[in-house]
Amino acid sequence: MKDIITFGSIVVDLVLNPPKLPAPGETVTSTSYALLPGGKGANQAYAAAKSDPTSKSKVVMVGAVGDDALRKLALDDLEEANVDVSSVNLRKDLPTACAAVCVDAKGENQIIVGSAANQSVSMQQLPPLDSEKVLLMQMEIPHDQNWAAVKAAYSAGATTVINVAPAGPVPADTLRMLDYVIVNELEACTLAEHVGLSVEGQSETELGRQIAMLYGTTVVVTLGANGAAV
């Protein structure tokens, strides 16, 4: 089994459940709140480590946190899952990233992310890459660092995987170096538009197939309760 290098975001989520979401200029109250570890990168690393606790594969988290009270909450679950966090930078000048997540009684939500230390993450933090490594990424750190990491991994023969979330453009040269591109239905449409494909009248799975053929990669379209299409 290959080692997994997760290159990405580490966030603490402040989750509130008001009866309704605030309008501009309005204050609403929530009877309680919860502070939870999160971030798309940290979630990927945690899921990879927990998917097979008996595996001899190593899971490494590469990211950044601040030297603050949120750091321990952000990293505790990763360490308990035996994720190697030695490549997580400790920043004295930036706080740990935090997201305010408001979910009302109807399930509607508003999310604001304070990226903070995540914006300092650099591909220079990556451990050595080779054909026995998988580089796993998402889009919550500086995009230019993702593209540089893909190029380094491709040159080293590592397997490259990106979850295009939050949705955004991916350069054509980078797409050609990726082994796997993971998108949900919205992200499939967004990525297709960015690469110049017509989305009108096209299903998300068909758009995924077109992107795969155009760039020689494997596109996985997640379909919620309906699973996924390749």
Side-chain angles (χ1 to χ4, degrees), residues 1-10 39-65 75 77-89 118 120-166 168-184 187-188 191 194-195 208-222 227-230:
M1 294 287 290
K2 297 184 177 184
D3 291 342
I4 297 173
I5 313 297
T6 304
F7 183 55
S9 59
I10 302 170
K40 295 185 186 300
N43 289 344
Q44 285 176 330
Y46 182 82
K50 297 293 282 187
S51 64
D52 185 2
T54 64
S55 173
K56 294 182 179 179
S57 294
K58 186 177 183 180
V59 179
V60 178
M61 182 71 219
V62 181
V65 294
L75 297 180
D77 279 3
L78 294 177
E79 293 180 309
E80 288 175 12
N82 293 317
V83 174
D84 180 348
V85 297
S86 62
S87 294
V88 174
N89 271 1
N118 284 335
S120 71
V121 177
S122 167
M123 63 86 59
Q124 300 298 327
Q125 297 171 235
L126 288 170
L129 299 168
D130 55 44
S131 60
E132 294 304 309
K133 304 291 193 305
V134 176
L135 180 64
L136 185 58
M137 295 158 288
Q138 16 55 53
M139 302 276 279
E140 286 189 327
I141 61 170
H143 293 175
D144 63 326
Q145 297 304 305
N146 269 342
W147 316 151
V150 170
K151 185 175 181 179
Y154 179 81
S155 297
T159 301
T160 51
V161 184
I162 192 166
N163 188 333
V164 188
V170 180
D173 288 348
T174 300
L175 283 169
R176 293 187 180 95
M177 291 186 281
L178 285 161
D179 293 296
Y180 298 93
V181 176
I182 303 170
V183 289
N184 65 18
E187 293 152 2
L191 184 58
H194 281 304
V195 301
R209 293 189 188 100
Q210 289 183 34
I211 295 168
M213 291 179 63
L214 190 60
Y215 293 101
T217 185
T218 298
V219 177
V220 180
V221 182
T222 59
V230 180

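Here the structure is a predicted model, which means the values were calculated and not measured. Each residue takes its place number in the sequence, starting with 1.
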- Item | N118 side-chain N/O to I141 backbone N/O, donor-acceptor pair under 3.5 Å | no

- Query: Is a side-chain N or O of Q125 found less than 3.5 angstrom from the main chain of S87, in a donor-acceptor match?
  - Reply: yes

- Contact summary for L178 and V170, nearest pair of heavy atoms: CD1-CG1, 4.4 Å

- Message: To check you understand the geometry: which heavy-atom pair defines the closest contact between M177 and T160, and what is its length?
- Response: O-OG1, 3.0 Å

- Query: Measuring from N89:CG to S122:OG, what's the distance to the nearest 0.5 Å?
  - Reply: 8.5 Å

- Would you say the side chain of Y215 lies within less than 4.5 Å of the side chain of V195, judging by non-hydrogen atoms? yes

- Query: If you measure from CE on M137 to CG on N163, what distance do you get to the nearest 0.5 Å?
  - Reply: 10.5 Å

- Considering all heavy atoms, the nearest E187-I182 contact: OE1-O, 4.4 Å

- Message: Ignoring hydrogens and geometry beyond distance, is a side-chain donor-acceptor pair present between T222 and N184 at under 3.5 Å?
- Response: no

- Message: Closer than 3.5 angstrom, by distance alone: can the side chain of S9 be matched with the main-chain N or O of G39 as a donor-acceptor pair?
- Response: no

- Query: Hey, does L126 have a side-chain heavy atom less than 4.5 Å from the side chain of L135?
  - Reply: yes

- Heavy-atom distance under 4.5 Å between the side chains of P171 and H143, does that happen here? no

- Query: Any idea which heavy atoms bring A149 and F7 closest together, and the distance?
  - Reply: CB-CE2, 3.8 Å

- Set of side chain to side chain donor-acceptor pair (under 3.5 Å) partners for T159, sequence neighbours left out: K2

Can I get a per-line list of side-chain donor-acceptor pairs under 3.5 Å for residues 150-158, giving both atom names and the distance, sequence neighbours left out?
from, atom 1, to, atom 2, distance (Å)
S155, OG, K151, O, 3.0

- Taking the side chain as every heavy atom from C-beta outward, state whether V219 and L191 have any atom pair closer than 4.5 Å. no

- Here the gap from L129 atom CG to I5 atom CD1, rounded to the nearest 0.5 Å, amounts to 6.5 Å

- Task: Identify, with sequence neighbours excluded, every residue that meets salt bridge (charged side-chain N to carboxylate O under 4.0 Å, His left out) alongside D84.
- Result: K58

- What distance do T174 atom OG1 and I162 atom CD1 have between them, rounded to the nearest 0.5 Å? 8.0 Å

- side chain to side chain contact (heavy atoms under 4.5 Å, CB included) with V83: which of L78, L75, V60? L78

- Message: Please report the interatomic distance CG(D77) to NZ(K50), rounded to the nearest 0.5 Å.
- Response: 8.5 Å

- For the residue pair I10 and G63, what are the closest heavy atoms and their distance? CD1-CA, 4.3 Å

- Message: Looking at every non-hydrogen atom in both residues, tell me the closest pair between A45 and M61 and how far apart they are.
- Response: CB-SD, 3.8 Å

- Task: Report yes or no: does E132 contribute a side-chain atom to a donor-acceptor pair with the main-chain N or O of D3 at less than 3.5 Å?
- Result: no

- Query: Do side-chain atoms of E140 reach the backbone of G8 as a donor and acceptor pair under 3.5 angstrom?
  - Reply: no

- Do Q145 side-chain atoms and M123 backbone N/O form a donor-acceptor pair below 3.5 Å? yes

